[in-house]
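Here the structure is laid out as structure tokens; the discussion comes afterwards.
The model shown is predicted, which means the values in this text are computed figures rather than measured ones.
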Amino acid sequence: MPGDNPLDAGRAVSGGHRDSNSNAPATAGWRQRRLTRPFGRLLLAATSLTALALVDPALAQHIPQRGIAGLPMGTFEVIQMAVFLGVMGAALLSAVALIRERARTSAENVELRAHIADLNATLQRSDALLNLRDQRIVVWANDNQKPELVGALPAEAAAPEDRAAFLAFGRWLAPRSAAALDRAVAGLREKGAQFDLMVETHSATPLEVQGRKTPSHTLLRFVSLSQTQREHAQLKLENQRLAVDYDNMVGLADALKMPFWLRSADGRLRWVNRAYAEAVEAATPEAVLREGKEFLGSAARETIARQHAAHPVFEQTLSTVISGDRRKFTVTDFASTEGAAGIAVDASGIEAIREEYERLVRSHADTLDQLTTPVAIFDEQQKLRFFNQAFQKLWDLDAGFLDSAPDNALLLDRLRSEGKLAEQPEWRRWKENLLEAYRAVESQEHWWHLPDGRTLRVIANPQPKGGVTWVFENVTERINLESRYNAAVRVQGETLDNLTEGVAVFGPDGRIRLSNPAFVSLWGLPSDLVQGNMHISAIRTQCDTQAKDSPWANFVAAVTGFDEERRDGRGQTELNNGTVLRYAVIHLPNGQVMITFVDVTDSVNVERALKDKNEALQRADQLKNDFVQHVSYELRSPLTNIIGFTELLALPATGPLAPRQREYLEHIGSSSAVLLTVVNDILDLATVDAGIMELEVGEVRVDQTIAAAAELVSDRMDEHGIRLTIDTGQAPQSFHGDETRIRQILYNLLSNAANYAPEASTVSLACRQVGQGVEFAVHDDGPGMPPEILDTVFRRFEPRVNGGRRRGAGLGLSIVKSFVELHGGSVRIETGQDRGTTVICLFPNVPTGVRQAAE
């Protein structure tokens, strides 16, 4: 009702004031205008005439020259008339205005008294309305003054009387109502957004709140409700809460990064969130609704529709294409008779993580299965869930039993029954103590000594989600190695202490780590100097005074220097007391350096004596070679003369000779020839020793070379009735070599065989092609050579009688060996008692020592 609303009352009051001001003043003004209108016109005409006459006197001539009585008048008279009329009009107007002001003042007084009476009545009605017990009004002036409170609420509203406490809506209104009212008041004062709101106090009392804004005031009205209105208010409050919840749900759904949609009963999209629009590549959700873009494919939507026919809730993982990539989503869709709602959660990352986890588990299982360390994993129920091959091999259990997931206690009992665990004095307590690992937080470690002599280090590692991982480390070998290592260290210490060789080991920091008594004794060091990790520089200071040319500067560089200086080395130094030490610097793998010292004084003295003797022998051998060369060259000239004169005397032209003279002449010729051969052999050997002999390599025809050598010894063989047999059936027609030297080799071999062959025996010469080259073999049926002679048979100037007919210079076989080796071949002798001697010379297919002399 308008009378109940103070806002309506204000409007009524202001309207009445306007009406009272608009009736009486309008009538009085009409009357005043009616009375003063003729006088105004007269005054206006007089004023106009006067102005024309003053401005342009010529215009006055056109004015009728008549007076008031109709008499003619001049310009001056006209002006006088006009001035007179003006003064009279002004006086008349002043009188009229005075009369009008007095009349208006009297009317206004009457009207003001009536208006004041109306305002008093209106104010009384407004006060009566504002002070009702079922409402409270808050008024804010626009000049930012403090608000005023008017009226009061019923006691059941529990509204505080204090202004500050009342405006703190959260103190007496329900939280949701207080928050909604704060938002509405802020919108009213800042933006002028009027509102009608239902709120609820802490005592569940509903109130209606109205917010209005005028040009000068902001009003907030709280109105209590009747019982009937309260029922409607509860429904309205519930609707408000539902509306707020709906807005919150819509806002939440729109903020989700998961596609969300609502469908109508006919299956069409009714609302989608921004994530849905982004998934289907639409600009806005409204564009999705206009274009009807679907997030899921037709097959997926048909699957959802089929399941909704039997069940309202659909939940399944489906795949769809997003931005060109096929991804998996967990779709939940609820359908009712009014429509459907659905949400899709991107499960691609979860699926990828699950697949990665499965791959990781398989990888860990494969890795553990390849380990040599036994591993077994039990779950929180103490059931065996994983074991590797090393675990099965350790306990020698059948795979069927292990695959049946036995619990830990049963596994221990079986190992005990099969004698694979050592007997415990209290088995039950020992097993319970072991199984405490399933209730422990930290890892536990146990040592098991098995009946077969093995020792296991058992580690029980509790898992975060329950269960225990058991690791069985076989430390038997490690314990044995530690024992052997400790024994080796003791043996090493005893060995070093008893060595005559001095040993010192320095660490990377240059401090001594190990030394033996021999090191202290050889260098004459104080025993306390090598104790307590003494630095090498301190030891060097002491040792530099003991040696003539101390190597300790190199030792310091090898121990503490840079990488290019840290290298192994060997050398020798002599102490001031005459002791000679041979040292070796050896870098060990662990970064340490070992220096060893050996007393080689005796060896050095012997070595020096041997060197002196060797130098003397070398000088004597050089003198011998010089003597032989000199004598050989000096003998060749007279021998050549003797041979020449002998041949000259044997010619018939020289004159007849007596038989005895001819016999003597033949002996002179043969002896001279033998002597020339010896001299030539000596020269050849000297050439070979000097390394200046060169082979004239060419094609050597085997038949011709053998025939030439046989012809040279034919006389000697015929003299003793020795027959020569030649076998060239397996020989090549030719090979490469120095024909002269090969012929000389065959001659020496045949001469040696003729010298030792018995009378009327046979000497054989065979040549054949073998894999390594061409082989010549000369055999005689002589007495052979004992084994002790074979080592000296190729030595020079060592003639051997041994049943031979003629004692020579002992150069034949030496020359044979030198020339054969000069070709790159080899010589060997096969001999024995009562079976003769065979000398075999092997020539390679291609000579290798053409430019080098044989040793």
Side-chain angles (χ1 to χ4, degrees), residues 315-317 328-330 332 345-452 454-478:
E315 186 174 6
Q316 189 175 336
T317 300
K328 292 184 178 180
F329 287 83
T330 300
T332 303
V345 180
D346 190 354
S348 301
I350 299 175
E351 289 293 323
I353 293 173
R354 183 182 61 79
E355 293 175 359
E356 181 65 23
Y357 172 75
E358 292 177 354
R359 286 195 299 269
L360 184 62
V361 170
R362 289 194 299 269
S363 176
H364 285 179
D366 295 339
T367 302
L368 292 176
D369 207 33
Q370 298 299 322
L371 291 178
T372 57
T373 302
V375 177
I377 300 177
F378 291 80
D379 61 8
E380 64 276 5
Q381 303 298 327
Q382 302 185 17
K383 298 289 185 180
L384 180 63
R385 295 305 178 190
F386 173 81
F387 62 92
N388 60 357
Q389 295 181 1
F391 178 82
Q392 182 180 2
K393 183 178 180 181
L394 171 66
W395 301 115
D396 193 20
L397 297 172
D398 57 283
F401 172 72
L402 296 176
D403 291 336
S404 64
D407 59 17
N408 205 338
L410 178 60
L411 179 63
L412 293 174
D413 290 337
R414 177 161 181 172
L415 293 177
R416 179 196 180 194
S417 63
E418 294 182 0
K420 297 177 181 178
L421 289 179
E423 287 293 337
Q424 303 295 329
E426 297 182 7
W427 170 257
R428 186 185 301 275
R429 180 175 297 178
W430 180 85
K431 184 171 65 173
E432 291 177 354
N433 182 39
L434 197 67
L435 298 180
E436 283 292 329
Y438 289 93
R439 294 178 291 276
V441 178
E442 301 293 335
S443 299
Q444 297 181 2
E445 182 176 324
H446 306 275
W447 291 82
W448 292 1
H449 301 282
L450 304 184
D452 57 3
R454 292 178 297 175
T455 301
L456 299 181
R457 177 173 172 259
V458 182
I459 301 173
N461 185 24
Q463 299 300 321
K465 294 183 178 181
V468 176
T469 299
W470 296 87
V471 180
F472 302 86
E473 182 182 0
N474 190 352
V475 296
T476 307
E477 188 64 24
R478 190 185 73 183

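Taking CZ of F401 as the start and CD of Q392 as the end, the distance is 11.5 Å to the nearest 0.5 Å. Between atom CZ of residue F391 and atom CG of residue L394 there is a gap of 7.5 Å, rounded to the nearest 0.5 Å. In this structure, CD on E356 lies 12.0 Å from CZ on R354, to the nearest 0.5 angstrom. Taken to the nearest 0.5 Å, the CG atom of N433 stands 7.0 Å off from the CD atom of E436.
When all heavy atoms of A390 and T372 are compared, the pair lying nearest together is CB-O, 3.6 Å. Listed here is the closest heavy atom pair of V441 and P462: O-CG, 4.0 Å. Nearest approach of A422 to P451, heavy atoms of both residues: N-CD, 3.7 Å. Residues K383 and A405 approach most closely at CD-O, 3.4 Å, considering heavy atoms. Here the closest non-hydrogen pair linking L421 and L412 is CD1-O, 4.0 Å. A pairwise comparison of heavy atoms in T330 and A347 identifies OG1-CB, 3.6 Å as the closest pair.
Under the 3.5 Å distance criterion, the side-chain polar atoms of T476 are matched with a main-chain donor or acceptor of T455. E315 contributes no side-chain N or O that, together with a main-chain N or O of T332, makes up a donor-acceptor pair within less than 3.5 Å. Formation of a donor-acceptor pair under 3.5 Å by the N408 side chain with backbone atoms of Q382 is not found in this model.
Taking 4.5 Å as the limit, every side-chain heavy atom of L402 sits out of range of all side-chain heavy atoms of W395. Proximity of F387 to L411: side-chain heavy atoms (C-beta onward) are nowhere separated by under 4.5 Å. When side chains are defined from C-beta on, L415 counts as touching L397, because their heavy atoms get closer than 4.5 Å. For the pair D396/E418, no side-chain contact is recorded, criterion being any heavy-atom separation below 4.5 Å from C-beta on.
Residues R429 and E432 are not paired through a salt bridge, judged by the lack of any N-O separation under 4.0 Å between the basic side chain and the carboxylate.
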Would you list the atom pairs, donor with acceptor, under 3.5 Å between side chains in residues 464-473 and any protein atom, with sequence neighbours excluded?
residue: T469; atom: OG1; partner: Q463; partner atom: NE2; Å: 2.5
residue: E473; atom: OE1; partner: R457; partner atom: NH1; Å: 2.9

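A perpendicular orientation is assigned to the rings of F378 and Y438, their planes being inclined by more than 60° (bins at 30° and 60°).
A 6.0 Å sphere centred on NZ of K431 holds more than 12 heavy atoms belonging to other residues, nucleotides or ligands. Around the CZ atom of R428, the shell of radius 6.0 Å holds no more than 12 heavy atoms that belong to other residues, nucleotides or ligands.
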Is there a side-chain contact (heavy atoms from CB on, under 4.5 Å) between L456 and V475? Walk through the geometry before answering. CA-CA 6 Å; L456 299 181; V475 296; over 6 Å; no
